[in-house]
Amino acid sequence: MPESKFYPSLDLQETLHPNRVVSLWRLMRGFRLLYIAAIVGVGMAAVSKTLTYLLLRYLVDQVLGRQQFDFSFYLIGLAFIGLAAFEGSFTFLSGRWAARAAEGITLRLRNYLFDHLQRLPVSYHDRSQTGELIQRCTSDVDALRRFFSEQALGVGRIFLLIGINLLALFSLNVKLALLIMAFMPLAIALSLFFFKKIEVAYQSHQEQEGVLSTTLQENLSGVRVVKAFARQQFEMDKFEKESWEQYRRGRRLVLMHSFYWPMNEFLCLFQMLLITCVGSLMVIDGTLTLGTYMAFIGLSIWIIFPMQGIGRLIVQMSTGIVSYQRVADIIKAEQETLESNQSLPDTPLVVEREQKELRGFKNMSGQNGDELYRNRTISKPIRLSSDLYPTKLRYETELRNARTNQQNLTNIRGELRFEQVSFEYEGAEAVLHDISFSVKPGEMVALLGPTGSGKSSLVNLLPRFYDYTSGQIWLDGQPLNSYPLRQLRQQIGIVEQEPFLFSRTIRENIGYGVDHAVSDIEIEGVAKAAAIHEVILSFPNGYATLIGEKGVTLSGGQKQRLAIARTLLKSPKILIFDDAVSAVDTETERLIQLALEKLRRGRTTFIIAHRIQTIRQADKILVLDKGRIVQQGNHVELIEQEGIYRQIYHLQAQIEEESRE
C-alpha cells in the first residue's frame, strides 16, 4: 500500500497480537499522541467540572450563608463562567482530536484492507464469500471507528471523572465517599458479566449479517439467471430464511441489552437515593454543611451516572473488539509471494541515508531507485531488521533482483516446459497429474478435453494464480516461481471465459491492462484486431460509451471481443485464451482468428476451446481427461490416432453436416 500524506505508514500485520487490547494499541501507532492529548483534554474538562462543585460549596457556605454580597460574590460568578468556558473548550478540543485520530486510523485501515485483499492469493478469494468480505471492510471498520472516536475516549473520560471526583469526595466527607465506593464492585461485575454475553451475541449477529449480505449480493449479481428460470419465489424464500435468522440473533442481542439497562439503572438510582437520604440526615444533624451537601450531591451524580455510562460503554466496546477480530482475520492472511518466496511488507519506511544510496543506481531506462519504486518497476523494499519498532527497510536486495529479473522479463522468449507437474486445490483432490510437455517460443498450444478435465487449472498455473503441488514449470530455463509475480503477470495476457468489464467507458476498459498513457490509434488498432471497432463506432458516443456494471449494455460476444482488445493492448509475451471465442458467431470467430494469426507471431499462445475448427492450426494440441494428458500432437497427427480427439472431431463434423442439411 502506498504511503499517504493523511496517515503514517504502517504494516498492519505487525499490529497483530494474541491480546486484542495490545493489537488495538499497536493499531493506533502514529495517532497515539493525538489520542493521548484527547484524553488529557477530557481530564482537564473533568478537573474543571470538579472545581465547579467545590466552588459551589464555597459560594453557599462562605458567601450566601453569611450574606456577604461584596466583590467576592461577583468574582465567584466570573469564576463559574471561566470554568464553564474552560470545560467547554477542552471538551471541544478532546472531541476534535479523538475524531481526527479515529478517522485517521480507520482511513488507514480501510485503505490497507482494500490493498491487502488485492494482494491475497486467488485461493483465498475462492474460499471467501464476497458479501462477508464487504461486510468486514465496511460495517466492521465503521464499528472500529466508533470504538476509537466515542467508546474508548468515553471510557477514559469516565475513569478520569470517577478518579478526580472520588478524591474530591473524600476531601469533603469520608463516610459518604465510602458509601459510594461500596456499590462500585457490583456495578463493574454486572457490566463485565453482560460484556461477555453481549460479545458472543454480537459476533453471532455480525456473522449472520455477512451471510445476509452474501445472499443479497449473489441475488443481484445473478438477477438475469433468476428471471430466466422464474426463481423469484425460491430466492425470496431463501432470503426470508436468512433474514429471519438475522432477526432472531438481533432479538437475542436486544434482549440482553434490555436486561442489562434496567438492572444498571436501578442500581444507580438506588445508590443516588441512598446518598441523598444519608446526606440530608447529616445536614439536619448539623454534621454536614449545606454547601458541602450540595457539592457532594453534584459530584456524586458525576460518579454514579458515569459509572452507569462505563457499563454501557464496556458493553458497546465489545462490539468494537469483535469487529476488530473479524478485520484481523483478513489482515493475518498471508499475501502472495512477491520476490523469491519472500512476502514483502506493504508500507515502506525507508531511512533517508538509504534513499541517498539509491540515487546513484540507474537502470537500463535511466531510472534511479526512487523512480523504480514510484513507477512500481519494483514492488517495494524488503525488511532487513526483525525488530518491531522501528522497522528498517532497504531497497538494495530487491534492486539487485530487479536488475536481473527486469532484464530476464524484458528479453523473455516464452519457452515453457512442464515436468511431471501435479496440482490440487486446497483441501481437495488433485486435478492435474504428472503433466509434462514443452512449448517453443511463439508456438500455439491448444487444450482440448471434456468439462472438468483440468484445462483452466493448467493455464492458471502460468500466471501463478495457484502454485503447483509437485513437479516444476520452467520459463526460459528458469523456474517459474523464481520470477516476481508482478513482472511475470505483466508478460501474460489472459482472456477469461467470462470476462469482467468495469463500469467505465469503452476506452478506459480497453486501456485498463496497461499502466501508461495510450493513444487513440493504439486503442482503435487493438479494437480492430479484436473485430469490435465497427461495433463501438455504432454506439452514439463511440469509445466514450459508458459500460454498465459488468458490461450489461454489450452482448456476450461483444464483451469477449472487448476483453480480447484489452489483452492485446497489453502486448504480452504469453497469451492465454480461456475459451474466449465460444460466444461469438462464425464470421466474428474467423475475423478474430485472422487477427490472432498476425498478433501471436513471436508470442507463446495457449487456447482453450471446445471446437476443433478453432484449434486445428495449433502447433501442439493437448488432449486432457481427468487431469491427465492422454494425447498430444498437431491436428494431422491426432486425427490419425484412436482416442478422444478423433471422436470429438467426427462428432463435430457430423453435427456441422447435419446443420447444413
Side-chain angles (χ1 to χ4, degrees), residues 110 113-114 117 120 122-144 146 197-259 316 318-320 322-330 333 425-429 431 450-452 456-457 496-503 547-556 559-560 579 582-583:
R110 276 195 303 267
L113 285 174
F114 183 80
L117 284 171
L120 292 177
V122 175
S123 57
Y124 179 87
H125 293 280
D126 286 343
R127 63 176 182 268
S128 301
Q129 295 180 323
T130 303
E132 177 71 15
L133 293 178
I134 293 174
Q135 173 78 8
R136 297 189 184 205
C137 293
T138 53
S139 177
D140 287 318
V141 169
D142 190 62
L144 276 172
R146 294 194 300 271
K197 297 290 184 181
I198 290 177
E199 181 181 17
V200 175
Y202 179 76
Q203 183 169 3
S204 174
H205 181 268
Q206 286 295 92
E207 289 174 354
Q208 181 58 27
E209 189 171 344
V211 172
L212 196 65
S213 297
T214 299
T215 303
L216 180 61
Q217 183 264 334
E218 288 180 347
N219 179 268
L220 294 176
S221 298
V223 65
R224 291 177 179 270
V225 176
V226 174
K227 290 181 177 295
F229 288 91
R231 297 286 282 172
Q232 289 91 338
Q233 188 58 46
F234 171 80
E235 290 295 322
M236 188 62 211
D237 292 342
K238 183 173 70 172
F239 186 82
E240 282 185 351
K241 178 183 176 182
E242 300 299 342
S243 184
W244 171 258
E245 181 64 19
Q246 175 79 348
Y247 163 79
R248 191 184 66 80
R249 297 187 186 189
R251 183 180 61 181
R252 182 169 178 265
L253 185 62
V254 170
L255 283 175
M256 287 187 178
H257 281 282
S258 65
F259 276 117
Q316 290 180 349
S318 66
T319 65
V322 168
S323 291
Y324 170 75
Q325 186 59 54
R326 285 164 53 82
V327 169
D329 289 339
I330 297 178
Y425 292 101
E426 186 175 348
E429 296 182 358
V431 294
T451 301
S456 295
S457 297
E496 299 282 357
Q497 188 173 3
E498 298 179 2
F500 180 87
L501 300 178
F502 295 90
S503 299
I547 298 177
E549 185 179 2
K550 296 186 180 178
V552 294
T553 58
L554 302 178
S555 68
K559 285 192 288 184
Q560 283 195 318
D579 207 9
S582 61

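Numbers for residues simply follow the sequence, beginning at 1.
- To the nearest 0.5 angstrom, T138 atom OG1 is 8.5 Å from D142 atom CG.
- The pair K238-E242 fails the salt-bridge criterion, with no side-chain N (NZ, NE, NH1 or NH2) lying under 4.0 Å from an Asp/Glu carboxylate O.
- You'll find the side chain of F239 reaches within 4.5 Å of the side chain of L216, heavy atoms only.
- Side-chain polar atoms of E209 and Q135 form a donor-acceptor pair below 3.5 angstrom.
- Rounded to the nearest 0.5 angstrom, H125 NE2 and L117 CG are separated by 5.5 Å.
- Side chains of E132 and R326 form a contact here, defined as non-hydrogen atoms less than 4.5 Å apart.
- Considering all non-hydrogen atoms of both residues, L133 and S128 come closest at CD1-CB, 3.9 Å.
- Scanning both residues, S243 and L212, for their nearest heavy atoms gives N-CD1, 3.6 Å.
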*Could you check R136 against D329 for side chain to side chain contact (heavy atoms under 4.5 Å, CB included), going step by step and ending with a plain yes or no?*
CA-CA 10 Å; R136 297 189 184 205; D329 289 339; 3.4 Å; yes
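- Remark: K241 does not engage D237 in a salt bridge, criterion side-chain N to carboxylate O under 4.0 Å.
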*Can you check side chain to side chain contact (heavy atoms under 4.5 Å, CB included) on Y425 and V431, steps first, answer last?*
CA-CA 8 Å; Y425 292 101; V431 294; 3.8 Å; yes
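- Expressed to the nearest 0.5 Å, how far CD1 of I330 lies from CG of D140 amounts to 8.0 Å.
- Atom OG of S213 and atom CD of Q246 lie 8.0 Å apart (nearest 0.5 Å).
- Shown here for L144 and G320, the closest heavy-atom pair between the two residues is CD2-O, 3.6 Å.
- Ring planes of W244 and Y247: tilted class, angle from 30 to 60°.
- Inter-residue side-chain proximity for M236 and Q232 is flagged as unmet; no heavy-atom pair is nearer than 4.5 Å.
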